[in-house]
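For reference, the structure is listed below as structure tokens.
Computation of the quantities below employed the complete heavy-atom set of this structure, encompassing side-chain atoms and omitting hydrogens, waters and symmetry-equivalent molecules.
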Amino acid sequence: MFTELLAYQRRNVARFFRTNRSAKLFTVFGFIAACSFLVALVHSLFYYGFLYIARDAYFRDAVTLYVIELFLLVSFLLVLASAFLSGLFVLFRPDADPLLMSSPRYVLKLPLAISRMFASSLWPLLVVILPALAALHRVYGLV
């Protein structure tokens, strides 16, 4: 079933790049560059923030624990909100649902929606959580 879902997504990507290929490639590479810049910015902000906290001799242990717990809580809420919102928009999107429901392949609607939800909810992990954990590892040697 996953091979069929991947083939479906591959056909959609090929259909997207069929017309006006250079403008769409430029847009995709621009998006990747903007995300890379955001990842580097988040990493450097967390790194210098953790470094500043680690230099304080008196509050180092307590503030470090508090900041890490607060970061994990905010990250969890960010991922939860992103998954909830993308789930609402993916599951209740009216594009071609009547035709899809009348087809014998309607059983793939839920796995397709879940795979889209997973892909669209992955951005907090890639853009915020992983760079912050890398900065935490560079400063404290944790993780």
Side-chain angles (χ1 to χ4, degrees), residues 1-56 59-60 62-143:
M1 173 160 46
F2 289 114
T3 57
E4 191 169 337
L5 288 175
L6 289 175
Y8 177 75
Q9 293 299 333
R10 190 177 19 225
R11 282 192 306 266
N12 281 345
V13 168
R15 189 178 323 132
F16 176 76
F17 284 112
R18 195 168 290 147
T19 60
N20 205 359
R21 175 175 266 161
S22 61
K24 290 180 180 176
L25 280 174
F26 182 75
T27 303
V28 167
F29 285 126
F31 179 74
I32 290 172
C35 282
S36 300
F37 175 73
L38 186 61
V39 165
L41 183 69
V42 166
H43 176 73
S44 65
L45 288 175
F46 273 108
Y47 174 71
Y48 289 117
F50 288 142
L51 202 61
Y52 180 76
I53 292 170
R55 287 185 185 149
D56 188 57
F59 291 115
R60 176 182 15 214
V63 172
T64 301
L65 269 168
Y66 178 71
V67 167
I68 291 171
E69 288 173 357
L70 186 64
F71 166 72
L72 291 175
L73 176 70
V74 168
S75 301
F76 172 73
L77 291 176
L78 184 66
V79 169
L80 185 72
S82 175
F84 178 72
L85 289 175
S86 65
L88 284 177
F89 285 107
V90 167
L91 286 176
F92 299 112
R93 196 169 53 180
D95 64 342
D97 277 348
L99 291 175
L100 189 61
M101 285 184 207
S102 64
S103 74
R105 294 183 183 224
Y106 180 65
V107 295
L108 290 179
K109 172 68 176 170
L110 186 62
L112 184 62
I114 289 174
S115 66
R116 284 182 183 167
M117 267 189 335
F118 178 74
S120 63
S121 297
L122 197 61
W123 73 268
L125 176 71
L126 297 176
V127 174
V128 177
I129 297 172
L130 288 180
L133 288 177
L136 188 67
H137 177 67
R138 280 182 63 193
V139 175
Y140 295 106
L142 302 175
V143 181

Atom pairs and distances, donor-acceptor, side-chain atoms in residues 26-40, under 3.5 Å, two or more places apart:
{"from": "Thr27", "atom 1": "OG1", "to": "Ala23", "atom 2": "O", "distance (Å)": "2.8"}
{"from": "Ser36", "atom 1": "OG", "to": "Ile32", "atom 2": "O", "distance (Å)": "2.8"}

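- Every ring-ring contact (aromatic ring centres under 6.0 Å, His included) that Phe46 has, sequence neighbours left out, goes to Phe50, Phe71.
- When side chains are defined from C-beta on, Tyr140 counts as touching Ile53, because their heavy atoms get closer than 4.5 Å.
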Problem - Steps toward side-chain contact (heavy atoms from CB on, under 4.5 Å) verdict (Leu72, Phe76) - result: CA-CA 6 Å; Leu72 291 175; Phe76 172 73; over 6 Å; no
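- Annotation: side chain of Arg138 is not in contact with side chain of Leu51 (no heavy-atom distance under 4.5 Å).
- Within the model, atoms CG of Leu133 and NE2 of His43 stand 11.0 Å from one another, a figure rounded to the nearest 0.5 Å.
- Across all non-hydrogen atoms, the minimal contact from Leu126 to Pro131 is O-CD, 3.5 Å.
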